[in-house]
Amino acid sequence: MKILAISEITKSERVYSSMADLKFWLRNRPWISAKVLRSWNLYRILPDGSKVSMRYGVRNMYDFVDYYRI
């Protein structure tokens with residue numbers, strides 16, 4: 001499952017190939033502030049290319065880090 005991250009601040013997009021790829025990326029960047037993490041909204045990319053929200057309660061990278069205890 002691919003993950004799409006969209007920044008509210010710069011409107012830039014990043015695509016992660018899997019949840020493990022996003023976890024690895026976040027673990028190697030412990031210096032990122034909570035403000036920056038909250039500015040990146042996360043979406044799942046379905047096989048047909050459409051984007052849907054992540055699971056209930058996970059809207060941005062900050063929630064992702066909290067939910068998966070990274």
Using the rule that two of Ile, Leu, Val, Met, Phe, Trp, Tyr join whenever any of their side-chain heavy atoms come within less than 4.5 Å, decide whether Tyr67 and Ile3 are in one cluster.
-> yes
Qualifying residues under ring-ring contact (aromatic ring centres under 6.0 Å, His included), relative to Tyr68, sequence neighbours excluded | Phe64
Is Trp31 reachable from Ile9 through a run of hydrophobic residues whose side-chain heavy atoms are each under 4.5 Å from the next?
-> no
Sequence neighbours excluded, the answer for side chain to side chain contact (heavy atoms under 4.5 Å, CB included) partners of Ile45 is Lys2, Leu4, Val15
Among pairs that include at least one residue of residues 40-51, which meet side-chain hydrogen bond (donor to acceptor under 3.5 Å, both in side chains), considering only residues two or more places apart or in two chains?
-> Glu8-Asn41, Asp48-Ser50
Residue list, side chain to side chain contact (heavy atoms under 4.5 Å, CB included) with Arg38, at least two apart or on another chain | Ala34, Asn60, Tyr62
Evaluate side-chain contact (heavy atoms from CB on, under 4.5 Å) for Arg59 paired with Leu42, printing each intermediate quantity in order.
-> CA-CA 6 Å; Arg59 292 183 315 233; Leu42 296 176; over 6 Å; no
Rest of the hydrophobic cluster containing Phe24 (Ile/Leu/Val/Met/Phe/Trp/Tyr, side-chain heavy atoms under 4.5 Å)?
-> none
In the single-linkage hydrophobic clustering (I, L, V, M, F, W, Y; side-chain heavy atoms under 4.5 Å), do Leu22 and Ile6 co-cluster?
-> no
Residues two or more places apart in sequence or in another chain: which of them pass side chain to side chain contact (heavy atoms under 4.5 Å, CB included) with Ile32?
-> Trp25, Arg29, Val36, Leu37
Ser7: what forms a side-chain hydrogen bond (donor to acceptor under 3.5 Å, both in side chains) with it, not counting sequence neighbours?
-> Thr10
Pairwise side-chain contact, Met61 with Leu26, heavy-atom cut-off 4.5 Å (strictly under) | yes
Answer yes if Val65 and Tyr56 sit in the same cluster of Ile, Leu, Val, Met, Phe, Trp and Tyr residues linked by side chain heavy atoms under 4.5 Å apart, and no otherwise.
-> no
